[in-house]
**Q** 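Below: one structure in structure tokens.
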Amino acid sequence: MKFSGKIMDRIKSGIIGLDYIIGGGFFQSSTILISGGAGTGKSIFGIQFLYKGAMEHNENGILLAVEERPRDIRRYMLGFGWDLKKLEDQNKLVIIDASAARLGIPSGEKYVEMRPFELDSLMSTIIKIIEKIQAKRLVIDSIPSLFLQQEHELAIRREILRLGALLSETGCTAILTTEADTQGNKLSKFGVEEFIAQGLVLLSLKEQATELKRSLIVLKMRGTKHSTRRYPFDITPNGIVMHTSEEAY
Ligand SMILES: Nc1ncnc2c1ncn2[C@@H]1O[C@H](COP(=O)(O)OP(=O)(O)O)[C@@H](O)[C@H]1O
Ligand SMILES: [Mg+2]
């Protein structure tokens, strides 16, 4: 895709087989939605994108942790050998704690957002950190948790649309996570998240002959010719690994 006479840069997803399917990576400054049921690997996907970005591509990142506490995330990711704390100490990664507000507990973190659902204040916090560490990548995990305290779905939908516009101003390549209906009838929790994203990746987990099988489909990737086949993947000790060479099913 050409943009202002220049071929648009690709940002590596950090998942090797996926980059191959989508033509080299996500478009720079695009917003990508990762949707799936509980335990499908959405959080790992987002953190792998940040970790590999910082470690292998020299692209700093920000994680807005709404669902899980940063200290739990750090501990959990050590299981993949990913030392997030080290990246934070080097200013290559910032984890903003937006979970404390939701859980009603004190944070103790360096970066805290007590009212993350107030988008203008949230975005001004994010933009300051983008400038501070020259961030190129941003992950919001998750959209449903961000709006948990708001009751009116119409207001939430409007805020999500506004979030999309605000994100596109940041220049960061952003990953948002949301919940898809387990039956696969709904692509996202509120039915609008897919409209603010230029890319949509659906993760699923199905029982097949007493074994749990993980798979992924790229449903949308604007500006890119991509396969819409279902690809198997695994969560391994090295994170998410896709099997693009295997027969897709
Ligand atoms: N080290 C690991 N090896 C293999 N699988 C793992 C490992 N760590 C986590 N998982 C799998 O990843 C799942 C959780 O992934 P996560 O990204 O937190 O899901 P989601 O955010 O979609 O709810 C776990 O239920 C488990 O099956
Ligand atoms: Mg999660």
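Given the structure is predicted, the values throughout are model-derived calculations rather than measurements. Position 1 is the first residue of the sequence; numbering continues from there. Values below: all heavy atoms of this structure, side chains included; hydrogens, waters and symmetry mates excluded. Atoms within a ligand are numbered from 1 in the order they appear, just like the ligands themselves.
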**Q** Using a 4.0 Å cutoff against the non-hydrogen atoms of G41, which atoms of ligand 1 qualify?
**A** 15 (O), 16 (P), 17 (O), 19 (O), 20 (P), 22 (O)
**Q** From the options G46, S35, G39, select the one whose nearest heavy atom is closest to atom 13 (C) of ligand 1.
**A** G39
**Q** Quick check on S142 - does any of its heavy atoms sit under 4.0 Å from an atom of ligand 1?
**A** no
**Q** Any N or O of T40 that comes nearer than 3.5 Å to an N or O of ligand 1?
**A** yes
**Q** Between the main-chain N or O of Q28 and the side-chain N or O of D9, is there a donor-acceptor pair closer than 3.5 Å?
**A** no
**Q** Check the pair L161, I196 against side-chain contact (heavy atoms from CB on, under 4.5 Å), reporting the backbone distance first and the verdict last.
**A** CA-CA 6 Å; L161 295 176; I196 65 166; 3.8 Å; yes
**Q** Provide, to 0.1 Å, the distance between atom 24 (C) of ligand 1 and the closest protein heavy atom, together with that atom's residue and name.
**A** Y76 OH, 4.1 Å
**Q** When you compare the side chain of I47 with that of I73, does any pair of heavy atoms fall below 4.5 Å?
**A** yes
**Q** Any idea which protein heavy atom is nearest atom 8 (N) of ligand 1, and the distance to it?
**A** F80 CZ, 3.5 Å
**Q** Can you check whether Y231 reaches I217 side chain to side chain, under 4.5 Å on heavy atoms?
**A** no
**Q** Which residue supplies the protein heavy atom nearest to atom 21 (O) of ligand 1, what is that atom called, and how far is it?
**A** S43 OG, 2.8 Å
**Q** Are more than 12 heavy atoms, taken from residues, nucleotides or ligands other than F80, located less than 6.0 Å from that residue's CZ atom?
**A** yes
**Q** List the atom of S107, the atom of D97, and the distance in Å for their closest heavy-atom pair.
**A** OG-OD2, 2.7 Å
**Q** Using modelled atom types only, decide if a donor and an acceptor are shared between the side chain of R157 and the backbone of F190 within a distance under 3.5 Å.
**A** yes
**Q** For G37, take its heavy atoms, then give the atoms of ligand 1 lying under 4.0 Å from any of them.
**A** 22 (O)
**Q** Look at S43 and state whether any of its N, O or S atoms is less than 2.8 Å from the Mg ion (ligand 2).
**A** yes
**Q** Taking the minimum heavy-atom distance to atom 26 (C) of ligand 1, which of E179, R214, M77 ranks first?
**A** R214
**Q** Going by heavy-atom distance to atom 17 (O) of ligand 1, choose the closest among L78, I34, I44, I73.
**A** I44
**Q** Starting from atom 5 (N) of ligand 1, locate the nearest protein heavy atom and write down its residue, its atom name and how far away it is, to 0.1 Å.
**A** I235 CG2, 3.4 Å
**Q** Classify the ring geometry between W82 and Y51 as parallel (under 30°), tilted (30 to 60°) or perpendicular (over 60°).
**A** parallel
**Q** Does NZ or CZ of R222 fall inside the cone over F27's six-membered ring, less than 6.0 Å from its centre and within 45° of the axis?
**A** no
**Q** Checking contacts here: is it the side chain or the backbone of F45 that comes within 4.0 Å of ligand 1, counting heavy atoms only? Could be both or neither.
**A** neither
